[in-house]
**Q** 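Here it is, the structure, as structure tokens.
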Amino acid sequence: MDTFYISHGSPTLSIDEAIPARHFLKAWQEKGYCQRPKAILVISGHWDTAVPSVNVITGLNETIHDFYGFPKDMYKLKYPAPGAPELAKRVKELLMESEFKHVDEDRKRGLDHGAWVPLMLMYPEADIPVCQLSVQSDRDGTYHYKLGKALVPLKEEGVLIMGSGSATHNLRNIGGRGSSVPSWAMNFDTWLKDALLEGRYEDVNHWDEKAPSAKMAHPWPDHFYPLHVAMGAAGENAKAKNVHHSWDMGTLSYASYQFTTATS
């Protein structure tokens, strides 16, 4: 299984046909980006905890509407995918076998919109078990890359590992529909694409030092670190591919990436 980083952008991705990324995700199965997974592990920028945490759900995942001030119909949307308790336990096991000695289990938390919004477009049947793993935004890119490296065995076990965030995420500098892309957003987004496609993963791990306009693109890194996990989970010398790119509201990049494990 390849790993992926999906830019989920605005919650309105769930209903707004004018967002190009919506059509990319709706064509996910038709385009055959990956074989049907046995289970899905989502690392979402909307679950930020002090230590790595997994949600251990034995029934159906609840749909968390963790956004405010949006159209009422969005709060009626449901994505009742089965929980993946065995996957959650496996994730905890792998992390604790690595350098992550404290991994929490959350037995109540369902799926936040960083998980269910893209998944309802990719797998609308909601019949694939889903587990979430949290980020630790007070840590750095290398930490999250190592978090991903610990999860490499999951790809051989039929698990789709998907980071979900936004390639650029500065909510204080969002424009209107059709706004032009400011130079800081374009410069960061272009740097990220070039670094990934050229395999400069160490630069991406040290993005806050290496990338132009890093702190403008990500004033807080919660939506960027899911990329590092997906990148690390692909294994050594993985190849990155830009599978979608579009902009919305001027500063939201929907750049999404596929990481293919290197063959020896």
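Predicted, not measured: the structure shown is a model, and the values here were computed from it.
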**Q** Using the ring-ring contact (aromatic ring centres under 6.0 Å, His included) criterion, which residues pair with Tyr33? Sequence neighbours excluded.
**A**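 Only Phe24, Trp28 meet the ring-ring contact (aromatic ring centres under 6.0 Å, His included) criterion with Tyr33.
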**Q** Applying side chain to side chain contact (heavy atoms under 4.5 Å, CB included), name anything that partners Lys155, two or more places apart in sequence or on another chain.
**A**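 Lys155 satisfies side chain to side chain contact (heavy atoms under 4.5 Å, CB included) with Met1, Thr3, Val152, Ile161, Thr261 once adjacent residues are dropped.
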**Q** Show your working on side-chain contact (heavy atoms from CB on, under 4.5 Å) between Met74 and Ile15 and close with a plain yes or no.
**A** CA-CA 7 Å; Met74 290 174 56; Ile15 62 169; 3.6 Å; yes
**Q** Using the rule given for side chain to side chain donor-acceptor pair (under 3.5 Å), can you reason through His102 versus Asp104, listing the C-alpha separation, both sets of side-chain angles and the distance that settles it, and then say yes or no?
**A** CA-CA 7 Å; His102 188 177; Asp104 282 347; 2.9 Å; yes
**Q** Return yes if some donor-acceptor pair links the side-chain N/O of Asp203 with the main-chain N/O of Ala195 below 3.5 Å, else return no.
**A**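 No, because the side chain of Asp203 does not come within donor-acceptor range (under 3.5 Å) of the backbone of Ala195.
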**Q** Could I get the full list of ring-ring contact (aromatic ring centres under 6.0 Å, His included) partners for Tyr257, not counting sequence neighbours?
**A**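 So Tyr257 forms no ring-ring contact (aromatic ring centres under 6.0 Å, His included) with any residue.
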**Q** Counting N and O atoms only, with roles assigned by atom type, does the side chain of Gln29 sit under 3.5 Å from a partner on the main chain of Met122, one being a donor and the other an acceptor?
**A**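 Judged by distance alone, yes, a pair lies under 3.5 Å.
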**Q** Taking 4.0 angstrom as the limit, do Glu236 and Lys149 come out as a salt bridge?
**A**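 Between Lys149 and Glu236 there is a salt bridge, with a charged N closer than 4.0 Å to a carboxylate O.
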**Q** So does Glu86 pair up with Lys89, basic N to acidic O under 4.0 Å?
**A**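 Salt bridge between Glu86 and Lys89, a charged N being under 4.0 Å from a carboxylate O: no.
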**Q** Please check if atom CZ in Arg177 has more than 12 non-hydrogen atoms from other residues, nucleotides or ligands closer than 6.0 Å.
**A**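 Yes, because the 6.0 Å sphere around CZ of Arg177 holds more than 12 heavy atoms from other groups.
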**Q** Using the benzene-type ring in the case of Trp, are the ring centres of His8 and Tyr254 under 6.0 Å apart?
**A**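 That pair fails the under 6.0 Å test.
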**Q** Determine whether the side chains of His144 and Thr142 contain a donor N or O and an acceptor N or O closer than 3.5 Å.
**A**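 The answer is no; no qualifying pair exists.
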**Q** Are a donor atom and an acceptor atom from the side chains of Asn242 and His244 found within less than 3.5 Å of each other?
**A**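 No - no donor-acceptor pair under 3.5 Å links their side chains.
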**Q** Would you find a donor on one side and an acceptor on the other, under 3.5 Å apart, between the side chain of Asn170 and the backbone of Ala217?
**A**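 No, the answer is negative, given that no donor and acceptor are paired below the 3.5 Å cut-off.
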**Q** Given Arg200 and Lys210, is the side-chain contact (heavy atoms from CB on, under 4.5 Å) satisfied, shown in steps?
**A** CA-CA 11 Å; Arg200 293 188 282 115; Lys210 301 284 189 178; over 6 Å; no
**Q** Return the set of residues passing side-chain hydrogen bond (donor to acceptor under 3.5 Å, both in side chains) with His113 (not counting sequence neighbours), or none when no residue passes.
**A**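 Scan of His113 (side-chain hydrogen bond (donor to acceptor under 3.5 Å, both in side chains), adjacent residues dropped) gives His46, Asp66.
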**Q** Please enumerate all residues that pass side-chain hydrogen bond (donor to acceptor under 3.5 Å, both in side chains) together with Arg139, with sequence neighbours excluded.
**A**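 None.
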**Q** Distance only, no hydrogens: is a donor on one side chain within 3.5 Å (strictly under) of an acceptor on the other, for Asp189 and His245?
**A**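 Yes - a donor-acceptor pair under 3.5 Å links their side chains.
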**Q** Do Tyr75 and Phe67 have ring centroids that are under 6.0 Å from one another?
**A**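 Close enough - the centres of the two rings lie under 6.0 Å apart.
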**Q** In terms of side-chain geometry, is the basic nitrogen of Asp2 or Lys239 positioned less than 4.0 Å from the acidic oxygen of its partner?
**A**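 Result for this pair is no, no salt bridge flagged.
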**Q** Any sub-3.5 Å donor-acceptor pair from Ser134's side-chain atoms to Ser53's backbone N or O?
**A**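 Indeed, once roles are kept as given, a pair shorter than 3.5 Å links the two residues.
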**Q** Side chain of His65, backbone of Leu77: donor and acceptor closer than 3.5 Å?
**A**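 Indeed, once roles are kept as given, a pair shorter than 3.5 Å links the two residues.
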**Q** Under a 3.5 Å threshold, yes or no: a donor from one side chain and an acceptor from the other, between Asn173 and Thr251?
**A**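 Per modelled atom types, Asn173 and Thr251 side chains form no pair under 3.5 Å.
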**Q** Please check: side-chain N/O of Ser164 versus main-chain N/O of Ile43, any donor-acceptor pairing under 3.5 Å?
**A**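 No: the side chain of Ser164 does not pair with the backbone of Ile43.
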**Q** Please test Trp220 against His169 for side-chain contact (heavy atoms from CB on, under 4.5 Å), starting from the C-alpha separation and ending with a verdict.
**A** CA-CA 8 Å; Trp220 195 246; His169 193 252; over 6 Å; no
**Q** Between Asp112 and Gln132, do the side chains contain a donor N or O and an acceptor N or O under 3.5 Å apart?
**A**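 Judged by distance alone, the side chains do pair up.
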**Q** Counting only heavy atoms from other residues, nucleotides and ligands, does the tally under 6.0 Å from NZ of Lys31 exceed 12?
**A**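 Open: at most 12 neighbouring heavy atoms sit under 6.0 Å from NZ of Lys31.
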**Q** Okay, side chain of Ser7, backbone of Ala255: is any donor-acceptor separation there less than 3.5 Å?
**A**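 Answer holds: yes.
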**Q** Other hydrophobic cluster members with Trp247, side-chain heavy atoms of Ile/Leu/Val/Met/Phe/Trp/Tyr under 4.5 Å, chained?
**A**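 Cluster partners of Trp247: Val181, Met186.
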**Q** Should we say atom NZ of Lys241 is surrounded by more than 12 heavy atoms from elsewhere, each under 6.0 Å from it?
**A**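 Atom NZ in Lys241 is not crowded, with 12 or fewer foreign heavy atoms closer than 6.0 Å.
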**Q** Determine whether the aromatic ring centres of Tyr145 and His228 lie less than 6.0 Å apart.
**A**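 They do not qualify: ring centres at least 6.0 Å apart.
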**Q** Side chains of Ser166 and His223: do they bring a donor and an acceptor to under 3.5 Å?
**A**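 No.
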**Q** For the residue pair Tyr5 and Tyr225, is the inter-centroid distance of their aromatic rings smaller than 6.0 Å?
**A**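 So the answer is no for these two rings.
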**Q** Any salt bridge linking Arg90 with Glu157? Criterion: basic side-chain nitrogen under 4.0 Å from a carboxylate oxygen.
**A**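 Salt bridge between Arg90 and Glu157, a charged N being under 4.0 Å from a carboxylate O: yes.
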**Q** Do Lys92 and Glu105 sit within salt-bridge range, that is, some charged N less than 4.0 Å from a carboxylate O?
**A**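 Between Glu105 and Lys92 there is a salt bridge, with a charged N closer than 4.0 Å to a carboxylate O.
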